[in-house]
Amino acid sequence: MAQDKKQVEQITDMEADFAQWFTDVCRKAELIDYTSVKGMFIYRPYGYAIWENIQHGLDAEFKKTGHENVYLPVLIPESLLQKEKDHVEGFAPECAWVTMGGDEKLEDRLCVRPTSETLFCEHYSHIIHSWRDLPKKYNQWCSVLRWEKTSRPFLRHREFLWQEGHTMHATAQEAREETMQMLGIYADFCENVLAMPVVKGRKTDKEKFNGAEETYTVECMMHDKKALQAGTSHYFGDGFAKAFDITFTGKDNQPHYPHQTSWGVSTRLIGGIIMTHGDNNGLVLPPRIAPTQVIIIPVAQHKEGVIEASRAVMERLQKAGFRVKMDGSDQSPGWKFAEYEMKGVPLRLELGPKDMEKNQCVLVRRDSGEKSFVSLDGIEETVAKLLDSIHDGLYAKALKNREENTYPAFSLEEAKAIQQEKGGFIKTMWCGDLECELKMKDEAGMSSRCMPLEQEHLGDVCPICGKPAKHMIYWGVAY
RNA sequence: CGGGGUGUGGCGAAGUUUGGUAUCGCGCUUGGUUCGGGACCAAGAGGCCUCGGGUUCGAAUCCCGACACUCCGACCA
């Protein structure tokens, strides 16, 4: 069945209204529900299951690289938050405050954590004394609160789920290596598990994290050509250590400040998955993250043996390690086809009386709609191959979208024209001055995305001011 | 935070201009027939019309206010 044919009428076409399409998918695929508090969303079982799979995958990578999970409190005293000047300036405007305990007013009001650098620093100041105590490589899975003015499912919540890694190292070099290692883990995860190609790069001073020396990012292009920052990794130097008075005694018996990193990804990744792979029939999930990889639909299930045969196939596939479900409800087959397409299940397996006679089943890919009749002998291998092929196809399609919508520009006018006519990423040279960055924002409506680690030489001068260029940089409209 | 739009059973809407018993489609429940692309027939259940004030004999409808959703900006690692 051709995939360009729209089969789910409940979802707005993405070409007609991308924002409405996104909201429709979030709701119709049963990922999310709204609550009576603005910007606060319920992750429904299917949506939360995607997050759990992200957690399992990333957590395993964190553990492999020597990180330990911890849990810190949800409340931060204002006095603690204020110790690092840039940090408090960045976050104070979007903090939610606890000012009452029961019916008593609190002397030092408490901020609901927007991020936990300050708490980690306080804790590290207690437990780091000697070079033998380093490195400390902690990670926390939790939710954070930011009082955003506008909110959208997955992309901007007032409360969202994330992980925040916070590490302390004896040397700057080791901390820098950690920063880059974690950026690499995020990039690999996005590409190999979520099928989302990324651009790895460094943020400009304007865009970097408040209090960081350097911020690195993995940037993705969504289907509507807008940019989404999928993950971020910061090198802090010893700025926080100084502000929080964290010192250790080195092998030289002298006091030293440790060097710090932090890094995180959030449930925004789910928004990225939706906007990278989704189509007009709804969600399209990359197989390695899909809560259900194969949905089995028994056809004419009242006929003798159909349910039993379907269940047998399900059990075989489950035994082979796939996440498989069978829908034996009394909805019509057509209803079920539409339902699981909307929910983005990568592979549908149909099994009816005709198939049973021939010892076969029907497999339908969610990404292309391609249908094949395959033998039940060796079904495990067939499914494995198809799921890998779907992953590769999704990745290739997303990469093609990014490549076809990335343009070099050699003047501000050209950048502006490309942005207005085509959108997408624009790459230029850049002198490094904030003034030029602001000009690009004001005149072309684009913010800097990153200075990619893989630099290209597009020229010698900054196209905005004409001064000598220091970097190649990506620009775009971002979520 | 500024500007626009919207708020009526679970969902989508009509009704608001011109105040007078709450409508439709889908979904839901039960029974039956169906079953390879959102099946059909029959009988049912379900509504503080977002919330709070006001005007009126009477408000979904008019007036004032609040809240939420949504779009465009600003802001936002």
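Here is the naming used below: chain letters follow the sequence lines, and residue numbers restart at 1 for every chain. Small disclaimer: the values here were computed from a predicted structure and weren't measured. Just the heavy atoms: all of them, side chains too, but no hydrogens, waters or symmetry mates, feed the values below.
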Give none if [N] has no partner; otherwise give the nucleotide forming a Watson-Crick or G-U wobble pair with it, both distances under 3.5 Å.
N	answer
rG47(B)	none
rC75(B)	none
rC57(B)	rG20(B)
rU30(B)	rA42(B)
rC11(B)	rG25(B)

Polar pair under 3.5 Å, donor/acceptor by atom type, side chain [X], base [N]:
X	N	value
Arg268(A)	rA77(B)	no
Gln331(A)	rG38(B)	no
Arg156(A)	rC76(B)	yes

Identify whether any heavy atom of [X] sits under 4.0 Å from a base atom; if not, whether one sits that close to sugar-phosphate; answer base, sugar-phosphate or nothing.
X	result
Lys336(A)	nothing
Trp162(A)	base
Gly211(A)	nothing
Arg348(A)	base
Gln301(A)	nothing
Pro353(A)	base

Can you find a side chain N or O atom of [X] that sits less than 4.0 Å from OP1 or OP2 on [N]?
X	N	value
Ser332(A)	rC35(B)	no
Lys38(A)	rC69(B)	yes
Tyr34(A)	rU70(B)	yes
Arg152(A)	rC71(B)	yes

- Task: Specify the residue among Pro333(A) and Ser151(A) whose closest nucleotide of RNA chain B lies further upstream toward the 5′ end.
- Result: Pro333(A)

- Tell me which of Glu94(A) and Asp17(A) sits closer to the 5' end of RNA chain B, going by the nucleotide each one is nearest to. Asp17(A)

- Item | Interatomic distance, Lys343(A) atom NZ to Ile295(A) atom CD1 [nearest 0.5 angstrom] | 9.0 Å

- Specify whether Phe236(A) and His234(A) have parallel, tilted or perpendicular ring planes, treating 30° as the upper limit for parallel and 60° as the lower limit for perpendicular. parallel

- Query: What orientation do Tyr43(A) and His157(A) show, parallel under 30°, tilted 30 to 60°, or perpendicular over 60°?
  - Reply: tilted

Please give the distance between the [atom1] atoms of [N] and [M] as a whole number of Å.
N	M	atom1	answer
rC51(B)	rC69(B)	C1'	15 Å
rC76(B)	rC67(B)	C1'	23 Å
rU29(B)	rG10(B)	P	15 Å
rA77(B)	rG3(B)	P	25 Å
rA60(B)	rG54(B)	P	15 Å
rU61(B)	rA42(B)	P	37 Å
rU8(B)	rA59(B)	C1'	14 Å
rA13(B)	rA22(B)	C1'	14 Å

- Item | Val74(A): side chain to side chain contact (heavy atoms under 4.5 Å, CB included) partners, not counting sequence neighbours | Val112(A), Arg113(A)

- Query: Would you say the side chain of Phe18(A) lies within less than 4.5 Å of the side chain of Trp21(A), judging by non-hydrogen atoms?
  - Reply: yes

By nearest atom, which of the nucleotides [options] is closest to the [X] side chain?
X	options	answer
Pro153(A)	rG36(B), rA77(B), rU70(B)	rU70(B)
Glu148(A)	rC76(B), rG36(B), rG38(B)	rC76(B)
Glu350(A)	rG73(B), rA77(B), rG36(B)	rG36(B)

- Task: Inspect the contact between Asp433(A) and Lys439(A) and indicate whether a charged nitrogen and a carboxylate oxygen are less than 4.0 angstrom apart.
- Result: no

- Residues Lys242(A) and Asp238(A) bridged, charged N to O under 4.0 Å: yes

